[in-house]
Number of protein chains: 2
Amino acid sequence: MLDSIARLRRFNRVVTREIGALDTSYLGRGRPLSTARVLHLIKPEGTDIAVIRQTLHFDSGLLSRLLRALEKEGLVVVKSDPADRRRRIAHLTEAGQAEWQVYDQLGHDKAKAVFDRAGSRQQALIEAMDLVATVLLQDELVIRDADPDDPAALSCLSAYYRILLDTFASFTPEMLPLPLPEAARYRSPDGAFLVAWSDDLPVGCVSLRPLEPGVGEVKRLWVHPIARGQGLARRLMRAIETRARELGMTRLQLDTNTGLSDAVALYRSDGWTDIAPYTTSPSNLWMAKRL
Amino acid sequence: MLDSIARLRRFNRVVTREIGALDTSYLGRGRPLSTARVLHLIKPEGTDIAVIRQTLHFDSGLLSRLLRALEKEGLVVVKSDPADRRRRIAHLTEAGQAEWQVYDQLGHDKAKAVFDRAGSRQQALIEAMDLVATVLLQDELVIRDADPDDPAALSCLSAYYRILLDTFASFTPEMLPLPLPEAARYRSPDGAFLVAWSDDLPVGCVSLRPLEPGVGEVKRLWVHPIARGQGLARRLMRAIETRARELGMTRLQLDTNTGLSDAVALYRSDGWTDIAPYTTSPSNLWMAKRL
DNA sequence: GCTTATAACTGACTTTAGTCAGGTAATTTA
DNA sequence: TAAATTACCTGACTAAAGTCAGTTATAAGC
């Protein structure tokens, strides 16, 4: 334990020195760091200033002052929210968008410099960083609805497809098109597509499409390797079942393969039972659950 | 690449929030953070204030002021270095030592809380942190003399022994005693023991003992898994050869095993040649090098 | 319609960190 | 031994971050 604390401190020292410099790269543009961070948090479509305040944990007065400074520079315009005119939304001017780009590029360059230093161990570095971040964020996994054509959804699907191709010889890339050909059926009100997020990294997905009135099919359950062992798959299944109920479904089906033994064990332990085959394809196990 | 930068930023956000809190845990004792960090850098035997300045990258004036504040609190006494009376050494008073303990405990508790949250993935977390730190510190590997009884030397040796036990069935724990029975022979002026450091983590070692006048034997070359692939083994060998020359040796020998193929390849490429057996034991290859 | 709550703003203030221009004493160099 | 250098100190200053009390406009509750 003592040794591990020494190692944590070493990690702490190194990381605050090297990675902390990502933030300080925002300096050098004649603007204090906090002002630059506020600017960089404003999205093209505008950002509710309350969101900025929560993200940076700033006092209301402090943020006000920083926004006034950005307005005086002509980079930002703050307007009242039409829906609730007490709330205010910050927008980037054209000059502000240009400056935002500069900051984004600075951070990008700094990050690239870190990876360049890793040389041949770049991949290992990224995986180690993911693991650290995921462990520290494990209590904050969030499941949100996504559009099946969204980049996050597509990144989950392509990871899921890679598993299928690696595991089953009978799958070919042509059988696994991206984006999904019937994307509309995975959108509300027909079906659903859920993505699990760890901070802003997609780490899991599951989808639901209608089969016949009152019956839905669960497909494409996937959990990122760095997020396994935390019950995320079960949370995703529970979430999609809830969504199915909200859509008026009373029965769910799925087809799977006994080769995916972890998934099958999860289904069984969550009340799914075997049913007769209803698809061909590489499936060799069919299950259903009454909601 | 874009994805990896997003992942680095995620890592950055999480780590500055979670691990950065290790430092801020020094707050809450009615003392500014920088003052507390200075106090915690003072060792029981006293610390040269230049070392503190370099470690924290503080301005000379700033550190002076912080030390005056700690003196006024009765926690620290700064005395002139007898060897060079311009230099000054900071010492902890009794009250200062007590306060130092409190800060140490605070950091300790905070670190433990991080590990506790990792649950079953504690070991994986530590290894990932080590990897990140080592990659970022790879240009800063330092090789220093160590005493063979030093904790760092012992930790290297026990890791080395573990490899031997795992690789060769013919080794038994009794054949690998710790601490070394003939430690004195690995100390100057007879021999040497070198340890490679990444920050304050020992990541490699090599040792040298006298065989007969003018002839030395290199033993126990080890490199931590997280530090492999960076040429550290070669640097250690070069360093121990230099040390051997300084000790007046003109010839080096070693015994090894062809099972350790990486090591053997290194020796050969660095000018070592096969010689006749001079030991029994699990060795099956004997080499020498003229200095 | 009146009261209360909420969101943001303004101005005054403090703390912390850090810089800079001297100054002194000790040591090293020429 | 004089001049230069080094190590540290002091005092004056600034910038950045953050806190706090009070104000205004809007929305929500009764």
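By convention in this document, chain letters (A, B, ...) are assigned in the order of the sequence lines, proteins followed by strands, and residues within each chain are numbered from 1.
Applying the salt bridge (Lys or Arg N to Asp or Glu O under 4.0 Å) rule to A:R29 yields the partners A:E99; only residues at least two apart in sequence or on another chain are considered. Looking at residues two or more places apart in sequence or on another chain, you find no side-chain contact (heavy atoms from CB on, under 4.5 Å) involving B:A98. B:A128 meets the side-chain contact (heavy atoms from CB on, under 4.5 Å) test with A:A128, A:L131, A:V132; sequence neighbours excluded. Judged as a side-chain contact (heavy atoms from CB on, under 4.5 Å), and not counting sequence neighbours, the contacts of B:D84 are B:R86, B:R87. Every residue two or more places apart in sequence or in another chain that forms a side-chain contact (heavy atoms from CB on, under 4.5 Å) with A:V142 is listed here: A:R144.
For B:R68, a side-chain nitrogen or oxygen approaches OP1 or OP2 of D:dC9 to under 4.0 Å.
One atom, CZ of B:R87, and another, P of D:dC9, lie 13 Å apart when rounded to the nearest Å. Rounded to an integer number of Å, the gap from CG of A:L67 to C1' of C:dA8 is 10 Å.
Pairs passing the side-chain hydrogen bond (donor to acceptor under 3.5 Å, both in side chains) check and including a residue from residues 70-80 of chain B, sequence neighbours excluded, read B:R31-B:E73, B:R68-B:E71. Sorted by first and then second residue, the salt bridge (charged side-chain N to carboxylate O under 4.0 Å, His left out) pairs involving residues 32-53 of chain B (not counting sequence neighbours) form an empty list.
Tested against A:D199 for a side chain to side chain donor-acceptor pair (under 3.5 Å), the candidates B:R13, B:R10, B:R7 yield a single pass: B:R13.
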- The contact string for nucleotides 22-30 of chain D, one letter per nucleotide 5' to 3', using protein heavy atoms under 4.0 Å with B, S and - for base, sugar-phosphate only and none, comes out as ----BS---
- Item | nucleotides 11-21 of chain D: protein proximity per nucleotide (B base, S sugar-phosphate only, - neither; heavy atom, under 4.0 Å) | BB----SBBB-
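Looking at heavy-atom distances under 4.0 Å, A:R37 makes no contact with the nucleic acid at all.
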